[in-house]
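Heavy atoms only: backbone and side chains are in, while hydrogens, waters and symmetry mates are out.
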Amino acid sequence: METCLIGKSFLDGKPLEICISEGKIKGILPSETCPENVWIGPGFTDIQINGYGGLDYNEIQSDILALGQISKKLLSCGVTSHFSTIITNSPEKISALIHQVVQLRKMDSLAHSCITGIHIEGPFISPEDGPRGAHFREFVQAPDWNLFQKWINESEGLIRMITLSPEWEGSTSFIEKCVESGILVSIGHTNASHEQIMEAVQAGARLSTHLGNGMHSLIARHPNYLWSQLAAENLSATIIADGFHLPAEVIQVFKKVKAEKLMLVSDSVALAGMPPGEYEAAVGGKVTLASNGKLHLLGNPNTLAGSAMNILQGINFFLKNNLVDLPEAWQMASIRPHRLFEPAFEPFTIGQKADLILAEHLPDHSLKIIKVFKNEVEIPLG
């Protein structure tokens, strides 16, 4: 059965009719009957999902299939593919968490198609307070290729990205081995010197993880690891745009410097998508999720306890603050992260997988998801 969708192209706003069949794009034509404020484009790709809707990829589940709810909930937000993100923990726990994601994908066909990779964030990060963020200090360690290779094997090839700090001795060799194995290396949670960051880029690091976060609260005006990453032309960067992790004016500067190399992640924790209230979190302990979406330590609104946003909310923060136009915001959440792993990816191509969304651009400048298509099926919203 063939389904045709009509909307303005996320690339340039030109009206299109896209026909899909058997899960793939079968036809692309100009349209003369396009609704005024309806846009069409690829689903969003979020390469940093720790958890969502009360479920956490960093906790062992009594029922592995429960984790499949993360994919379903994210689809309602327009996220058609994501990386399960496993943060710093003991080597044994990380192995168990990797195994859990691998088993989930084998048991749940929707999760299999939505979880397109595992992102290992740590444990090879800075041990210092500030850059370490909320990661467990006792499990932070120097890069260990044998250990990481073990995780790669346990993931059955699903690990596609690692966030590390190149401040450790041996980091350059480790990065080179990751690159040789097809793993994207991202710099984050770092206290590395300018020289160490440049050596990491030379070795093949291509990304900065949530740039501007996972830092000391006070740093030298120069040199410092923020300037170094901004100055590295071969480094793309992800940012969290929830209005709490980065002020709008900082995002403006990052955008001017990184241009088309800047992209969105949510870095959502399990409390993302949950109602406001007080919670006991796996990382952070007692926390408060405020009505405005800010997640902070209980009784301490100035200390964030993670991101409680989804990537659609990041797009809407961009749009409402006039940081970028709709086509660029959509690209920052879709084709830019996708092309980190598939450089030749073109979403509007005959034969391309039809992971598509229709969205309405509302008068308040926000984007509202209307329809989500995944595996040729329209996903129920809500």
Side-chain angles (χ1 to χ4, degrees), residues 47-48 83-95 97-99 117-133 135-211 213-216 223-238 258 261 337 339-343:
I47 58 174
Q48 196 163 2
F83 283 10
S84 304
T85 299
I86 296 172
I87 71 167
T88 301
N89 216 310
S90 69
E92 298 76 21
K93 182 72 174 290
I94 290 175
S95 288
L97 294 169
I98 289 169
H99 177 74
I118 291 176
H119 171 184
I120 302 293
E121 186 184 1
F124 314 131
I125 59 172
S126 178
E128 288 205 14
D129 290 348
R132 192 181 73 254
H135 289 236
F136 300 115
R137 171 64 183 88
E138 61 265 38
F139 299 127
V140 172
Q141 65 172 90
D144 181 332
W145 176 248
N146 289 333
L147 176 59
F148 189 58
Q149 196 171 40
K150 175 176 179 287
W151 291 337
I152 293 173
N153 293 335
E154 290 170 344
S155 78
E156 299 180 11
L158 194 59
I159 292 177
R160 303 183 71 186
M161 174 178 174
I162 182 170
T163 292
L164 55 73
S165 172
E167 68 196 70
W168 296 94
E169 184 178 350
S171 292
T172 299
S173 173
F174 181 88
I175 292 170
E176 289 172 344
K177 290 174 181 176
C178 286
V179 173
E180 289 171 5
S181 299
I183 307 294
L184 183 144
V185 176
S186 187
I187 298 171
H189 291 283
T190 186
N191 188 40
S193 67
H194 177 75
E195 291 73 22
Q196 289 169 329
I197 289 172
M198 293 303 103
E199 288 172 3
V201 174
Q202 184 68 30
R206 294 195 289 126
L207 187 67
S208 295
T209 293
H210 51 51
L211 189 63
N213 294 113
M215 296 175 56
H216 294 99
N224 64 57
Y225 45 78
L226 179 59
W227 291 127
S228 298
Q229 291 176 84
L230 283 169
E233 293 186 5
N234 290 337
L235 280 183
S236 298
T238 65
K258 289 300 181 182
K261 290 184 178 291
R339 285 174 177 165
L340 287 172
F341 305 92
E342 296 181 37

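- Inter-residue side-chain proximity for H189 and S165 is flagged as unmet; no heavy-atom pair is nearer than 4.5 Å.
- When all heavy atoms of W168 and I125 are compared, the pair lying nearest together is NE1-O, 2.9 Å.
- With sequence neighbours left out, the salt bridge (charged side-chain N to carboxylate O under 4.0 Å, His left out) criterion links E195 to no other residue.
- Considering only heavy atoms from C-beta on, M215 comes within 4.5 Å of Y225 through its side chain.
- Residues I118 and L97 fail the side-chain proximity criterion, which asks for heavy atoms closer than 4.5 Å.
- Under the 4.5 Å side-chain criterion, counting only non-hydrogen atoms from C-beta, F83 is not in contact with E121.
- Using modelled atom types, no side-chain atom of Q202 and backbone atom of M198 make a donor-acceptor pair closer than 3.5 Å.
- For the residue pair S126 and E128, no side-chain donor N or O sits within less than 3.5 Å of a side-chain acceptor on the partner.
- For the pair S186 (side chain) and T209 (backbone), a donor-acceptor distance under 3.5 Å is present.
- For A232 against K258, the heavy-atom pair with the smallest separation is O-NZ, 2.9 Å.
- Proximity of a side-chain donor or acceptor of T163 to a complementary backbone N or O of G122 within less than 3.5 Å is not detected.
- Side chain of E176 to main chain of A203: no donor-acceptor pair is present (N/O by atom type, distance under 3.5 Å, no hydrogens or angles).
- Within the 4.5 Å cutoff, the side chain of W151 has no heavy atoms near those of the D144 side chain.
- Under a 3.5 Å cut-off, the side chain of R206 and the backbone N or O of L340 do form a donor-acceptor pair.
- The two residues P166 and T190 make their nearest non-hydrogen contact at CD-OG1, 3.6 Å.
- To the nearest 0.5 angstrom, W145 atom CH2 is 3.5 Å from S181 atom OG.
- Under the 4.5 Å side-chain criterion, counting only non-hydrogen atoms from C-beta, M161 is in contact with F341.
- In this structure, the side chains of I120 and I98 come closer than 4.5 Å at one or more pairs of heavy atoms.
- Residues F139 and I87 form no side-chain contact, since every pair of their non-hydrogen atoms from C-beta on lies 4.5 Å or further apart.
- Distance check: N89 CG to E138 CD gives 8.5 Å after rounding to the nearest 0.5 Å.
- The structure places CD of Q229 at 9.5 Å from CG of N224, a figure rounded to the nearest 0.5 Å.
- Between the CD atom in E199 and the NE2 atom in H194 there is a gap of 10.0 Å [rounded to 0.5 Å].
- A donor-acceptor contact shorter than 3.5 Å is absent between the side chain of S173 and the backbone of G170.
- Within the 3.5 Å criterion, the main-chain N or O of Q48 finds no donor-acceptor partner in the side chain of H119.
- Ring-plane geometry between F148 and F174 is classed as tilted, the angle between the planes lying from 30 to 60 degrees on a 0 to 90 degree scale.
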